[in-house]
Amino acid sequence: MKVITWNVNSLRARLPRTLALLDRHKPDVLCLQETKLTDEAFPEEPFRERGYHVEAHGQKSYNGVAIVSREPLEDVTKGFPGDPAPEQSRVIAGTVGGIRVVNLYVVNGKSVEHPDYALKLAWLDALDAWLCAVVEPESPLLVVGDYNVAPADIDVHDPELWRGQNLCSDAERERFAALFKGGLRDLFRECYPEEQKFTWWDYRNGAFHKNLGLRIDLALGTRPLAERCKWVEVDREERKPSTGEGKPSDHAPLVVHLDWP
DNA sequence: ATGTCACTTTACAAGTGA
């Protein structure tokens, strides 16, 4: 089974590239973040034409998540209990091929001084409480998405520059790490303990060209999935302006290959 | 050194969010 997670930064702006990504990788499951459109406005038809089903949890202009899958999703849920900002569309989950797939778009936080940062910490606390309550470590659960947290210094191009800043601060890293205690494992990091790979580069300052990035798009899984994770790749080509039609997202897709079933 | 991109609006430029 092949699962991709990608923050598209507007599905409308990224539709040709999203369809090209499906044609290129032919994933079983594609989890999208920052679709930035309502469920009514979701362009389902070109996905259906390619043999995919769509489940979306969106809103106008901001946030928005969706799961695109070859097999229909079962037991779809939107949001999560205890969400301190339930009006923001950030979580959708469903079951496919016996795997429970949770797709997240974590609160960005803006900067550690900004009120949104306090919301980010509260949101991560609620996420920890929810996931730690529902995770059964021996049951196949995949939690993918834009975590807006770089888990460790190796995930940052310049750890000293980023020390304590939003996306890298200790408080958010501690909350992220709490998911490990619940039985989740970082599939990319377990496959490649020493590799520095990024998934996000700021649009500004030629950051992609200089590879000034962070690894904030992640796939976490319980033991049955960690043991069957064959490889994980970052589709860096997709971040290049020249790769497809229109401009790139500031995130690259993360492609997870599972030996499943 | 905040230099981009995508969104919105009593729109035709400017503010916001990332």
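Values reported hereafter were calculated over all heavy atoms of this structure, with side chains retained and with hydrogens, waters and symmetry mates removed. Within every chain, numbering begins at 1; the chains are lettered A, B, ... in the order of the sequence lines, protein sequences first and strands thereafter.
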Trainee: With no hydrogens and no angle check, do the side chains of Q196(A) and H157(A) hold a donor and an acceptor under 3.5 Å apart?
Mentor: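 Distance-only check fails for Q196(A) and H157(A).
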
Trainee: Measure the spacing between OG1 of T199(A) and OH of Y147(A) and express it to the nearest 0.5 Å.
Mentor: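 One gets 12.0 Å once the value is rounded to the nearest 0.5 Å.
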
Trainee: What are the residues of residues 104-116 of chain A, sorted by number, that bring a heavy atom to within less than 4.0 Å of DNA chain B?
Mentor: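 Output list: Y105(A), N108(A), K110(A), D116(A).
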
Trainee: Excluding sequence neighbours, so at least two apart, what forms salt bridge (Lys or Arg N to Asp or Glu O under 4.0 Å) with D39(A)?
Mentor: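 By the salt bridge (Lys or Arg N to Asp or Glu O under 4.0 Å) rule, D39(A) matches K78(A).
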
Trainee: Sequence neighbours excluded, which residues qualify as salt bridge (Lys or Arg N to Asp or Glu O under 4.0 Å) partners of E71(A)?
Mentor: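 E71(A): no salt bridge (Lys or Arg N to Asp or Glu O under 4.0 Å) contacts found.
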
Trainee: Among pairs that include at least one residue of residues 46-66 of chain A, which meet salt bridge (Lys or Arg N to Asp or Glu O under 4.0 Å), considering only residues two or more places apart or in two chains?
Mentor: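 Every pair satisfying salt bridge (Lys or Arg N to Asp or Glu O under 4.0 Å) with a residue in residues 46-66 of chain A: D23(A)-R50(A), E44(A)-R48(A), E45(A)-R48(A).
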
Trainee: Roughly, in whole Å, what's the span from CG in L214(A) to C1' in dA18(B)?
Mentor: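 One finds 13 Å between C1' of dA18(B) and CG of L214(A), rounded.
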
Trainee: Sort me out a list of protein N/O and nucleotides 8-10 of chain B N/O pairs below 3.5 Å, or just none if empty.
Mentor:
residue: dT8(B); atom: OP1; partner: S61(A); partner atom: OG; Å: 3.4

Trainee: Return the set of residues passing salt bridge (Lys or Arg N to Asp or Glu O under 4.0 Å) with D116(A) (not counting sequence neighbours), or none when no residue passes.
Mentor: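 K110(A).
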
Trainee: Quick test of your reading: applying ring pair (Phe, Tyr, Trp, His ring centres under 6.0 Å), list the pairs with at least one residue in residues 96-123 of chain A, sequence neighbours left out, ordered by first then second residue.
Mentor: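 Residue pairs with at least one partner in residues 96-123 of chain A: F80(A)-W123(A).
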
Trainee: Taking only Lys NZ, Arg NE, NH1 and NH2, and the carboxylate oxygens of Asp or Glu, determine whether R90(A) and D83(A) approach each other closer than 4.0 Å.
Mentor: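 No, this pair does not count.
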
Trainee: Which ones in residues 163-177 of chain A lie close to DNA chain B, meaning a heavy atom under 4.0 Å from one of its atoms?
Mentor: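 Under 4.0 Å from DNA chain B: no residue of residues 163-177 of chain A.
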
Trainee: Tabulated below should be each protein N or O lying under 3.5 Å from an N or O of nucleotides 3-5 of chain B; please produce it.
Mentor:
residue: dT4(B); atom: O4'; partner: Y203(A); partner atom: O; Å: 3.3

Trainee: Between R24(A) and E238(A), is there a side-chain N and carboxylate O pair less than 4.0 Å apart?
Mentor: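 A salt bridge is present here (some side-chain N lies under 4.0 Å from a carboxylate O).
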
Trainee: Report the residues that fulfil salt bridge (Lys or Arg N to Asp or Glu O under 4.0 Å) with R175(A), sequence neighbours left out, ordered by chain and then residue number.
Mentor: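 Salt bridge (Lys or Arg N to Asp or Glu O under 4.0 Å) list for R175(A), sorted by chain: D125(A).
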
Trainee: Please give the remaining members of the hydrophobic cluster of L15(A), linking ILVMFWY side chains under 4.5 Å, ordered by chain and number.
Mentor: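 Members alongside L15(A): I4(A), W6(A), V8(A), L11(A), L19(A), L21(A), L22(A), L30(A), L32(A), L37(A), F42(A), F47(A), Y52(A), V54(A), V68(A), V255(A).
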
Trainee: Going by the side chain to side chain donor-acceptor pair (under 3.5 Å) test, which pairs reach into residues 126-139 of chain A, not counting sequence neighbours?
Mentor: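 Side chain to side chain donor-acceptor pair (under 3.5 Å) check on residues 126-139 of chain A returns E138(A)-R223(A).
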
